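Below is one structure, written out as structure tokens, with a few remarks after it.
Just so we're on the same page: letters track the sequence lines, and every chain starts at 1. Values reported hereafter were calculated over all heavy atoms of this structure, with side chains retained and with hydrogens, waters and symmetry mates removed. These numbers come from a predicted model, not from an experiment.
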Amino acid sequence: MSKKRKITLTAALPYANGEIHIGHLVEYLQADFWTRFQKLRGHECLYFCADDTHGTPIMMRARQEGITPEELIERNHKQHVLDFTDFGVDFDNYFTTHSDINREFCSVLYEHIEKNGHADIRSINQTYCNHDNIFLPDRFVKGTCPNCKANNQYGDSCDSCGSTYAPSELIDPACSICGNTPTTKESEHIFFKLNDFKEYLTNWLPTHTPKETANKLMEWFDEDLKDWDISRDAPYFGFEIPGHPGKFFYVWLDAPVGYMASAKDWCDKNNRTFEEIWNADDRELYHFIGKDIVRFHCLFWPSILDNAGFKTPDQVFVHGFLTVNGEKMSKSKGTFINARTYLNHLDPLYLRFYYACKLNSSSDDIDLNFDDFIARVNSDLVGKITNLASRGAQMLNKHLEGRIGDLDEDGKALVDNARAKSEEIAAHYEARDFSKALVIIRDIADEANRYFDEKEPWKAIKADPESARPILSATLNLFRLIAIYLKPILPEYAEKTETLFNESAFNWQSAQTVITNHQIEKYEYLASRIDPKQVDKIIEETKHELAADKKIKTQPQQ
RNA sequence: GGCGGCUUAGCUCAGUUGGUUAGAGCAUCGGAAUCAUAAUCCGAGUGUCCGGGGUUCGAGUCCCUGAGCCGCCA
């Protein structure tokens, strides 16, 4: 195998005012598949994430619940960790942006912005609520759209006609917290002069982001790039900007810095250095993100990092969104499903398998279609793949003392062929084309089932049991290879298979061995079929959550 | 409103640089098998490749245009 790679990767930070839902999981699971794959290949791959804890929505949410922001983010942190753990998302560290380490990094990055002359301070007028004594983000102002006159629209754009405007242009604007009419107030803000990095980004984007992303962002490059407002006025839950009392870092400034903080926190606990884990020349650095946040990760972030002399990401991997039954997730339709709600009714194995079946390296949206979900899991994972273990292992245990022997010629050819697929499958994993890897894996299962049917070992077992041993041995070897190839996606399933085969933990190299003359254990169910009723229950429960949710006034979410 | 992406069998999706009768799995129908969690195997049908124009000897694949969906608009 090639030389040991050193990889650091991150997934976007979930916002700490809400729960993890199945849309989030598209990202955390695909990054998890990829990380586990790299680890099985023998590389060092560290997967970092954290909660994104700052900003007005957190502050207001806490105020509403009558708790402090710290209590709110602490509570959600615990829940997030639990959800990720139960879904098998194996972060090397799951940290928080509300930490001294993160504050330090923010200060360092900001000092370089100021020192190198990329900060601009000027006054702007912003919507202000005299009742709540707070500057209102656009999403916290509601009113009638100046263009189409639709009621109850946000202060930045109209959901009804799609036009964009300033909150001051709304007809009958109201503070979404207290309902009073807001005023405007002048305040000094600090801006990051992104245009200073135009040339740098022109070179960086095409080689470090997907083509679609680069093309999309380059649209803005015909004119000067606009400054980015990185400060917010008190009261604000976040970090005060060094040298600017009463001014705080905008949450989107300190959020990606959480990647570094999470890495540093891990280093401190594992006796490693940040230099080595982030900055080293032989270190590969990747971010997994959704297509909605590309401008933060592909414009501001590399500029700020480069400006302060930190290593910038080698690649930003951009994925699409999850739709459910072909539509945007919806609370009222019961398709806005929280991770916890899913876990209350179904094994995470199924969703991991299904997402892997659908995921590729493009930023197209993927669809979770419940009928397709049930069919694919029941037919492919249980009917084709798991059934191989079931029919092979049980017959071997019942009639042939559970001992795998030599393979017959046809069986050996099939096993060799499946072993030879190892690098092809690995290439698909590497390219994050999980769906293509699964197609090959499923083909192996199809061939194995065909082989088993043609050889009819159930007939041989009655006449001359020993003559069935090679057939069962080949079938089980094929199944074993499938379990190894699936291990990045279905780690627990692979572990159960290790137990069945009396083996130590599989790695990618395990696929190069053929098992002969080997005692297996009693067969335990590896996976059972999805009962469609369980899916109905998830939808029902999600609808009930909506009803409970309505008691708390809804807030704009990040 | 501006910009980008997507639209291929009932469902979910593949379709390399344009090149013979457009593919897979599931679902459906017919048959076989009964070791196995009613799990498997063999065979069959299925498509105005979103609509409309165009370029070309030839377009699902390139260009223009219309519609729907998704996202972004700093």
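- Counting to the nearest Å, the P atom of B:rA36 and the CG atom of A:Leu381 are 20 Å from each other.
- Judged by distance alone, the side chain of A:Asp52 and the main-chain N or O of A:Tyr15 form no donor-acceptor pair under 3.5 Å.
- If you measure from atom OH of A:Tyr355 to atom P of B:rC13, you get 13 Å, rounded to the nearest angstrom.
- Distance, A:Asn397 CG to B:rA36 C1': 13 Å, rounded to whole Å.
- What separates CG of A:Leu438 from C1' of B:rC26 is a distance of 15 Å, to the nearest Å.
- With rounding to whole Å, A:Ile293 atom CD1 is found 12 Å from B:rC73 atom P.
- Comparing the same atom, C1', in B:rU17 and in B:rU61 gives a spacing of 11 Å after rounding to whole Å.
- Around the NZ atom of A:Lys198, the shell of radius 6.0 Å holds more than 12 heavy atoms that belong to other residues, nucleotides or ligands.
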Reading 5' to 3' through nucleotides 2-9 of chain B, protein heavy-atom contacts under 4.0 Å coded B for base, S for sugar-phosphate only, - for none: -BSSS---
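- Relative to the ring axis of A:Phe191, A:Arg122 places its NZ or CZ within 45° and under 6.0 Å from the centre.
- One P atom belongs to B:rG1, the other to B:rA59, and the distance between them is 34 Å to the nearest Å.
- Not less than 6.0 angstrom separates the ring centroid of A:Tyr350 from the ring centroid of A:Tyr355.
- Note on A:Lys455: nothing from the nucleic acid sits closer than 4.0 angstrom, heavy atoms only.
- In this structure, A:Asp292 reaches the sugar-phosphate backbone alone: every heavy-atom distance under 4.0 Å involves primed, P, OP1 or OP2 atoms, never a base.
- Backbone-only contact: A:Asn360 has heavy atoms under 4.0 Å from sugar-phosphate atoms and none from a base.
- Side chain of A:His297 to backbone of A:Ile293: a donor-acceptor contact under 3.5 angstrom is found.
- Salt bridge status for A:Lys384 with A:Glu447: absent, with no side-chain N to carboxylate O gap under 4.0 Å.
- As a whole-Å value, the separation of A:Leu396 CG from B:rA36 C1' is 14 Å.
- Distance from the side chain of A:Trp220 is smallest to B:rC73 among B:rC73, B:rC26, B:rU12.
- Heavy atoms of A:Ala527 sit under 4.0 angstrom from at least one base atom.
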Pairs: protein N or O with nucleotides 38-45 of chain B N or O, under 3.5 Å:
from   : atom 1 : to       : atom 2 : distance (Å)
B:rA39 : OP1    : A:Arg529 : NE     : 2.9
B:rA39 : OP1    : A:Arg529 : NH1    : 2.9
B:rA39 : OP1    : A:Arg529 : NH2    : 2.6
B:rA39 : O5'    : A:Arg529 : NH1    : 2.9
B:rA39 : O3'    : A:Gly383 : O      : 3.3
B:rA39 : O2'    : A:Gly383 : O      : 2.4
B:rA39 : O2'    : A:Asn387 : OD1    : 2.7
B:rU40 : O2'    : A:Arg391 : NH1    : 3.4
B:rU40 : O2'    : A:Asp453 : OD1    : 2.6
B:rU40 : O2'    : A:Asp453 : OD2    : 3.4
B:rU40 : O2     : A:Asp453 : OD2    : 3.3
B:rC41 : O4'    : A:Asp453 : OD2    : 3.0
B:rC42 : OP1    : A:Arg450 : NE     : 2.9

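- The heavy-atom pair separating A:Asp372 from A:Tyr354 by the smallest distance is OD2-OH, 2.7 Å.
- Side-chain atoms of A:Thr386 and A:Tyr525 form no donor-acceptor pair, as typed in the model, at a separation below 3.5 Å.
- Scanning both residues, A:Tyr259 and A:Ile289, for their nearest heavy atoms gives OH-CG2, 4.3 Å.
- Less than 6.0 angstrom separates the ring centroid of A:His54 from the ring centroid of A:Phe239.
- Across all strands, A:Tyr523 comes closer than 4.0 Å to base atoms (heavy-atom distances).
- The side chain of A:Arg442 sits closest to B:rG25 out of B:rC26, B:rG25, B:rA74.
- Between A:Phe197 and A:Trp204, the ring centre distance reaches or exceeds 6.0 Å.
- Heavy atoms of A:Leu194 sit nowhere under 4.0 angstrom from any nucleic acid atom.
- Note on A:Arg295: only backbone sugar-phosphate atoms sit closer than 4.0 angstrom, heavy atoms only; bases stay farther off.
- The side-chain ring of A:Phe321 is not stacked on the base of B:rC70, judged by centre separation under 5.5 angstrom and plane angle under 30 degrees.
- Taking atom C1' in both B:rA9 and B:rG45, one finds a spacing of 11 Å when rounded to whole Å.
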So what's the dot-bracket for RNA chain B: Watson-Crick or G-U pairs under 3.5 Å, [ ] if a pair crosses, | if it pairs off-strand? (((((((..((((.....[...)))).(((((.......))))).....(((((..]....)))))))))))).
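- Distances were taken from every side-chain heavy atom of A:Thr386 (C-beta onward) to each of B:rC35, B:rU37, B:rC11; the shortest belongs to B:rU37.
- Closest contact between the side chain of A:Asn369 and the listed nucleotides B:rU37, B:rC11, B:rC35 involves B:rC11.
- Residue A:Glu223 qualifies as open at atom CD: its count of foreign heavy atoms under 6.0 Å is 12 or below.
- Atom CG of A:Leu359 is separated from atom P of B:rC13 by 11 Å (rounded to the nearest Å).
- Remark: side-chain polar atoms of A:Lys291 are not paired, donor with acceptor, to backbone N or O of A:Phe321 under 3.5 angstrom.
- Residue contacts for A:Asp380: at a heavy-atom cut-off of 4.0 Å it reaches the sugar-phosphate backbone alone, with no base atom in range.
- Dashed line: the shortest gap from a side-chain N or O of A:Lys436 to OP1 or OP2 of B:rG15 is under 4.0 Å.
- Between A:Gly290 and A:Glu27, the closest heavy-atom pair is N-OE1, 3.4 Å.
- Side chain of A:Phe452, nearest nucleotide from B:rC26, B:rC35, B:rA74: B:rC35.
- For the pair A:Trp458 CH2 and B:rA32 P, the interatomic distance rounds to 15 Å; values are reported in whole Å.
- Residue contacts shown for A:Thr323 are absent, as no nucleic acid heavy atom lies under 4.0 Å away.
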